[in-house]
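Remarks on the structure that follows.
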Amino acid sequence: MTLRGKTILVTAAGQGIGAASALACAKAGAKVYATDVNADLLTKMSGVEGIETRVLDVTDVAAIDALAAELPDLDGLFNCAGVVHHGTILELDDAAWEFSLNLNITSMVRMCRAFVPGLLRRAESEGSASILNMSSMASSEKGFVQRTAYGATKAAVIGLTKAIAADFVAQNLRCNALCPGTVDTPALQGRIQAAPDPVQAEKDFIARQPMGRLATVDDLTPTVVHLLSDGSSFITGQSVLVDGGCTI
Ligand code: NAD
């Protein structure tokens, strides 16, 4: 699976799934723009072959538009940024809802709107271009407790993905959604440590995975690379579950 000759932008590439994906894309031969809101996290990427870093807050529409104007046309865009709100609808105040909506879905609308013109130019000249949007198994795929804002916004990601895929299918621009199970990342560890009983919280996260283990970021990156590569050229508009059998 090669990404040689491709230019790919990854959001939320400072740590976790985004960082592993940026590194995997570069290893597969792509020129990668690794972006994150946190400049400190990006420093560990500096000097990695094939990677250039940019600070980007995906909730800042002016910054998105400025970056799209600055960068060359992309062959691939991985919208990875997102946040988990923990709670039922009874714990979801308007501020928390707005925050989830903004980071999990509005940011993707704005990223796609800014970068699709360039992706379409590459699709026309190279025969393919690909968008990957980060959703989750906790979405329209499956309901989970304490995930109202998360499930609703990640379901919206799947709707956005299918609509973009439908609009541009004849122009060779593909768009898919990635739906992981529970992945061991700094964000997940933060949720575990914030729980009243972290040991029990980790056991509970593992218990909902039928394989009896959490996913590692390395369980996901081959699928990320595949969906951004021409190896997946007949796959579009799909929510691709990498969930260790959670939704069987
Ligand atoms: P993480 O916390 O480990 O990494 C998230 C990164 O996002 C951080 O580097 C952070 O600085 C960056 N970020 C936060 N706000 C940002 C903003 N406004 N603009 C740009 N970057 C920003 O998280 P993760 O667990 O790797 O999750 C990444 C994505 O994967 C999220 O969309 C999440 O919903 C999704 N996901 C995670 C899991 C899981 O179990 N970890 C499962 C399914 C889906």
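When a ligand or atom number is given, it counts from 1 through the structure's own listing order. This structure is a prediction, so every number in the text was calculated from the model and none was measured. Values below: every heavy atom of this structure, side chains too, minus hydrogens, waters and symmetry copies.
Residue-ligand proximity: Met137 is placed with every non-hydrogen atom at 4.0 Å or more from ligand 1. Using a 4.0 angstrom heavy-atom cutoff, Gly181 counts as in contact with ligand 1. Assignment of Ser135 to the shell around ligand 1 is supported, since a heavy atom sits closer than 4.0 Å. Not close to ligand 1: Thr11, with no non-hydrogen atom less than 4.0 angstrom away.
Among protein heavy atoms, the minimum distance from atom 31 (C) of ligand 1 is reached at Cys80 O, 3.3 Å. Of all protein heavy atoms, the one lying nearest to atom 34 (O) of ligand 1 is Tyr150 OH, 2.7 Å. For atom 4 (O) of ligand 1, the closest non-hydrogen atom on the protein side is Gln15 CG, 3.4 Å. Closest protein heavy atom to atom 26 (O) of ligand 1: Ile17 N, 2.8 Å. Looking only at heavy atoms of the protein, atom 12 (C) of ligand 1 is closest to Asp36 OD2, 3.3 Å. Looking from atom 14 (C) of ligand 1 to the surrounding protein, the closest heavy atom is Val37 CG1, 4.0 Å. Regarding atom 35 (C) of ligand 1, its nearest protein heavy-atom neighbour is Met134 CG, 3.4 Å. If you check which protein heavy atom lies closest to atom 23 (O) of ligand 1, you get Ala187 CB, 3.4 Å.
Checked options Leu119, Thr35, Asn79; the residue passing with Leu9 is Thr35 (criterion: side chain to side chain contact (heavy atoms under 4.5 Å, CB included)). Residue Glu126 is tested with Asp75, Asp230, Asn172 for a side chain to side chain contact (heavy atoms under 4.5 Å, CB included); the sole match is Asp75.
Close contacts of ligand 1 with Ala81, meaning ligand atoms under 4.0 Å from a residue heavy atom, involve 32 (O). Close approach to Gly82 involves these atoms of ligand 1, each under 4.0 Å from a residue heavy atom: 31 (C), 32 (O). The ligand atoms of ligand 1 that sit less than 4.0 angstrom from a heavy atom of Pro186 are 3 (O). Each of the atoms 19 (N), 20 (C) of ligand 1 lies under 4.0 Å from some heavy atom of Leu56. Less than 4.0 angstrom separates some heavy atom of Leu103 from each of these atoms of ligand 1: 17 (C), 18 (N). The distance from ligand 1 to the heavy atoms of Gly14 drops below 4.0 Å at these ligand atoms: 9 (O).
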Evaluate the criterion side chain to side chain donor-acceptor pair (under 3.5 Å) for residue pair Arg147 and His86; output intermediate values, then yes/no.
CA-CA 6 Å; Arg147 289 292 177 268; His86 181 88; 3.1 Å; yes
Step-by-step side chain to side chain contact (heavy atoms under 4.5 Å, CB included) determination, Ser128 to Lys6:
CA-CA 10 Å; Ser128 74; Lys6 294 198 183 290; 3.6 Å; yes
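For Asp94, the CG atom is loosely surrounded, since the number of other residues' heavy atoms within 6.0 Å does not exceed 12. Within 6.0 Å of CD on Glu124 lie no more than 12 heavy atoms contributed by other residues, nucleotides or ligands.
In Asn104, neither the side chain nor the backbone holds a heavy atom less than 4.0 Å from any atom of ligand 1. With a 4.0 Å heavy-atom cut-off, ligand 1 is reached by the side chain of Leu41 but not by its N, CA, C or O. Using a 4.0 Å cut-off between heavy atoms, Ala215 makes no contact with ligand 1 at all.
Considering both main-chain and side-chain atoms, Asp57 comes within under 3.5 Å of ligand 1 through a nitrogen or oxygen pair. Among the atoms of Gly18, none of the N or O lies under 3.5 angstrom from an N or O of ligand 1. Polar contact check, Val58 against ligand 1: a nitrogen or oxygen pair lies under 3.5 Å apart. In terms of polar-atom proximity, Thr182 is not counted as a contact of ligand 1, lacking any N or O under 3.5 Å from an N or O of the ligand. The shortest N or O to N or O distance between Val84 and ligand 1 is not below 3.5 Å. Between Ser136 and ligand 1, no N or O atom pair is found at a separation short of 3.5 Å. Not one N or O of Pro180 is nearer than 3.5 Å to an N or O of ligand 1, by distance alone.
Closest approach of Gly244 to Pro210, counting heavy atoms only: O-CG, 3.5 Å. In this structure, Met137 and Cys246 approach most closely via the heavy-atom pair SD-CB, 3.4 Å.
A salt bridge does not link Arg122 with Asp73: every distance from a Lys NZ or Arg NE/NH1/NH2 to an Asp or Glu carboxylate oxygen is 4.0 Å or more.
Considering each of Thr185, Leu220, Asp243, the one bringing a non-hydrogen atom nearest atom 24 (P) of ligand 1 is Thr185.
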